[in-house]
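Encoded as structure tokens, the structure appears first; notes follow it.
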There are 2 protein chains.
Amino acid sequence: MPRGNGRGPAWWHGRFRGCGYRVTVGREAILEVLTKADKHLSAEDIYMKVHAVYPAIGLTTIYRTLEILVNLGLVLKFDFGDGRARYELAEGSKRSTHHHHLICTNCKRVVDYTDFIDDEIELLHRTEKGLSEKYNFAITNHLIQFYGLCDRCKKKK
Amino acid sequence: MPRGNGRGPAWWHGRFRGCGYRVTVGREAILEVLTKADKHLSAEDIYMKVHAVYPAIGLTTIYRTLEILVNLGLVLKFDFGDGRARYELAEGSKRSTHHHHLICTNCKRVVDYTDFIDDEIELLHRTEKGLSEKYNFAITNHLIQFYGLCDRCKKKK
DNA sequence: ATTTAAATGGAAATGATTTTCATTAACAAA
DNA sequence: TTTGTTAATGAAAATCATTTCCATTTAAAT
């Protein structure tokens, strides 16, 4: 049974130390927020949640930690077009299921969907393979987003 | 034969006027740069090219015009993760062929690819249909990007 | 307990994009 | 063509998410 469900060293500690990073209170808090949230959050969202428990931790630390997490592949960073990045745990890290995003270009609402994901993933892997051979890239990730007008915004127009 | 290849009113004039927008020298210049460039450019890239011919046109106008063009669907706006948006003519507007992007997460180099596009598009359309029904979105667009390390950056690591 | 480099916070800097506002220009109407 | 209305414009200032700086704190190896 994997660690990190309750007490004890969390699942990411090893990964962190292995890369020469230290485990700190702030980092614990940030990971905990991300794990609990299980949906995309902005740096400021995370800051506020962390701040409620550890007021000493600053926004700068949030950004610095997120950068590390993204580089380690533990967290995914998204741009939904409203000028601030969003973060969420990567698949496999724990809770989060692989999903893609459906974004309203008017109100910026974001819907996570998992429908059709299997077909998408299958094709993506095939494409990934072809691309990495042809262009000599080591592909590590992909992004799929759909844009349009949501229910509400459709009516207003 | 479509207009806008040499002299005469360009293909987008009607579209522009129809939406209540005026055709101005600056807008002509911006569209011309976009049409000639046929690859993603930042607002500043466009500004510099336009500025070379019409020094009177400011960066503000570039941003304002790009916003209109994106809203009209004539231009696509991308985020490659280096902090500045890139713009390119939408498919069908003219020159540009539908393609997707392969981005080096290290040096931010971007490769446009058209390989596998047909398969991708086919799947996307199917997914789009399913999504718009299930979530009641009017889907107008999609984004696919692959991330990884390019040739050069792979070696350096 | 000691040591040392990594991590931190807070303030200042950055830098792309937006907003403001007084002026200019597009173009519909006469 | 001249005129009137209103959108479009440039320059400068404002915004605002994210980064950088630097003096101080702290994780964790010894």
Short side-chain N/O contact to C:dA16 OP1/OP2 from B:S42, under 4.0 Å: no

Integer-rounded Å distance: D:dT19 P and A:K77 NZ: 6 Å

Nearest-angstrom distance from the residue atom CD of B:E28 to C1' of C:dA26: 12 Å

Aromatic centroids of A:H142 and A:H98 separated by under 6.0 Å: yes

Selection from C:dG10, C:dT20, D:dA27 that lies nearest to any side-chain heavy atom of A:R64: C:dG10

Interatomic distance, B:Y47 OH vs C:dA16 P [rounded to whole Å]: 13 Å

Side-chain heavy atoms of A:L89 within contact of A:L76, under 4.5 Å: no

side-chain N/O B:R17 vs C:dC27 OP1/OP2, d < 4.0 Å: yes

Ring centre gap for B:H40 and B:F80 strictly below 6.0 Å: yes

Length of the CG-C1' vector between B:L59 and D:dT15, whole Å: 15 Å

Pairwise 5' ranking along DNA chain D for B:G26 and B:T60, keeping only the more 5' one: B:G26

Sugar-phosphate, base or nothing in reach of B:R27, heavy atoms under 4.0 Å: sugar-phosphate

Rounded distance in Å - CZ (A:R22) to C1' (D:dA29): 9 Å

Sugar-phosphate only, base, or nothing, as touched by A:R84 at under 4.0 Å among non-hydrogen atoms: sugar-phosphate

side-chain N/O A:Y63 vs D:dT19 OP1/OP2, d < 4.0 Å: no

Length of the CG-C1' vector between A:D79 and D:dT18, whole Å: 13 Å

Upstream residue (5' side of DNA chain C) when B:E67 and A:F16 are each assigned their closest nucleotide: A:F16

Whole-Å distance separating the CG atom of A:N71 from the C1' atom of D:dT19: 15 Å

is_close_aromatic(A:F78, A:H101), centroid dist under 6.0 Å: yes

side-chain N/O B:T24 vs D:dT9 OP1/OP2, d < 4.0 Å: yes

Protein-nucleotide distance (B:I62, atom CD1; D:dA8, atom P), rounded to Å: 15 Å

Approximate separation, where rounding is to 0.5 Å, of A:D151 CG and A:L149 CG: 10.5 Å

Candidate nucleotides C:dT8, D:dA27, D:dT18, ranked by approach to the side chain of A:T65 - the nearest: C:dT8

